Structure formats: structure tokens, C-alpha cells
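Everything quoted here is computed from the prediction, not taken from an experiment. Computation of the quantities below employed the complete heavy-atom set of this structure, encompassing side-chain atoms and omitting hydrogens, waters and symmetry-equivalent molecules.
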Amino acid sequence: MDQSAIAQFEVTIRKALGVLAAEEAATVEDRKPVELDQQSVGRLSRMDAMQVQAMAAAQSRRRAAERRRLQAALDRIADGSFGECTECGEDIAPKRLELDPGQTRCIDCASG
């Protein structure tokens, strides 16, 4: 893979990391503990708030996992192994990387 393609992947990855960071910052309030004061909030409203909190926490965990995958891709760019399958060492198809630059395996190894 040529350096200009790798540079474009790096830009794409950094943009994706920025989006994830913005999403994480936007949901801080949703992840805060739910107030249990029965005078200010009814039981069903508390249950709804707890469900929102649980969903926001799950989304936060998924974003953290995606950040780790994308950061690992940046690390592979830095060490020169980006685009190489971690199992067989063959090149990962550029189209596959365009869909998900965090891919670590070629289609054959991922399918097998």
C-alpha cells in the first residue's frame, strides 16, 4: 500500500476518533447516577432514567472498544504494519480497510 493511501487512512481514523470523543462527551449526563428521590421523580420515570443510563453506559463501552481498535490501527500505521493481516501476513484488501480501517485480518483469515 502506498504512503498516500496510508496517510488517507490515518486521516479517516483520526476523524472517527474525534467523532467518538464528541459522542462520549455528549452523553455524560445520560451516564450519571439516577436520582432516587421519590418526591421529585415517580417510579416509572426513575425506571426510564435507569434504562437510559444503562443504554448510555453500554454505548460508552462500545465506543471505548472502537477507540481501542482505531488506536491500534494508528499504532500499526506508526510501526509500518498497517494493512497486513495479523494471522497470515498477507495484505488486507484496501476496500476492506475502507469499510473498517480497524481490520486486522484479511478476508480469508477472518472467514476461516
Side-chain angles (χ1 to χ4, degrees):
M1 185 176 312
D2 66 15
Q3 290 302 320
S4 65
I6 291 174
Q8 185 57 46
F9 280 117
E10 183 174 4
V11 168
T12 301
I13 292 167
R14 290 191 186 283
K15 283 181 183 177
L17 285 169
V19 168
L20 289 170
E23 289 173 354
E24 190 70 10
T27 61
V28 168
E29 290 296 317
D30 292 340
R31 293 188 311 272
K32 285 188 176 179
V34 176
E35 183 68 37
L36 295 178
D37 180 10
Q38 291 185 352
Q39 300 302 321
S40 64
V41 179
R43 185 173 139 239
L44 292 178
S45 295
R46 267 194 331 278
M47 289 173 61
D48 287 343
M50 289 169 43
Q51 183 178 16
V52 166
Q53 178 194 32
M55 290 187 313
Q59 289 171 338
S60 181
R61 288 189 297 275
R62 283 191 295 273
R63 281 191 296 270
E66 183 65 8
R67 279 195 314 273
R68 286 189 298 272
R69 280 180 6 91
L70 292 175
Q71 186 57 54
L74 287 177
D75 293 345
R76 289 191 300 279
I77 287 173
D79 72 16
S81 65
F82 180 79
E84 295 175 8
C85 178
T86 56
E87 288 189 28
C88 70
E90 295 295 318
D91 288 342
I92 300 172
K95 292 286 186 187
R96 183 168 170 78
L97 289 171
E98 286 173 16
L99 291 172
D100 181 5
Q103 284 294 329
T104 59
R105 298 185 296 169
C106 68
I107 192 71
D108 292 334
C109 291
S111 300

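Note: C106 SG to E84 CD = 11.5 Å, rounded to the nearest 0.5 Å. In this structure, CD on Q53 lies 11.5 Å from OG on S60, to the nearest 0.5 angstrom. To the nearest 0.5 Å, atoms SG (C85) and CZ (R105) are separated by 7.5 Å. The line from CG of D75 to CZ of F82 is 12.0 Å long, rounded to the nearest 0.5 Å. In this structure, the separation between CG on L70 and CZ on F9 is 12.5 Å, given to the nearest 0.5 Å. A distance of 5.0 Å separates CG of L97 from CD1 of I92, quoted to the nearest 0.5 Å.
Within the 4.5 Å cutoff, the side chain of R14 has heavy atoms near those of the L74 side chain. Side-chain contact between T104 and R69: absent, with no pair of heavy atoms (C-beta onward) separated by less than 4.5 Å.
Judged by distance alone, the side chain of R76 and the main-chain N or O of S81 form no donor-acceptor pair under 3.5 Å. Judged by distance alone, with hydrogens and angles left aside, the side-chain atoms of T27 form a donor-acceptor pair with the main-chain N or O of E24 at under 3.5 Å.
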For the pair E23 and V19, evaluate side-chain contact (heavy atoms from CB on, under 4.5 Å) and give the outcome as yes or no after the intermediate values. CA-CA 6 Å; E23 289 173 354; V19 168; 3.6 Å; yes
Take E66 and R63 through the test salt bridge (charged side-chain N to carboxylate O under 4.0 Å, His left out) and record every step on the way to the result. CA-CA 5 Å; E66 183 65 8; R63 281 191 296 270; over 6 Å; no
Taking it one step at a time, do K15 and T12 satisfy side-chain contact (heavy atoms from CB on, under 4.5 Å)? CA-CA 5 Å; K15 283 181 183 177; T12 301; 5.8 Å; no
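Hydrophobic clustering places M1 together with I13 (ILVMFWY residues linked when any side-chain heavy atoms are closer than 4.5 Å, directly or through intermediates).
The shortest non-hydrogen separation linking D2 to A5 is OD1-N, 2.8 Å. Considering every non-hydrogen atom in both R67 and L20, the closest pair reads CG-CD1, 3.7 Å.
Between the side chains of Q51 and D48, no donor N or O sits under 3.5 Å from an acceptor N or O.
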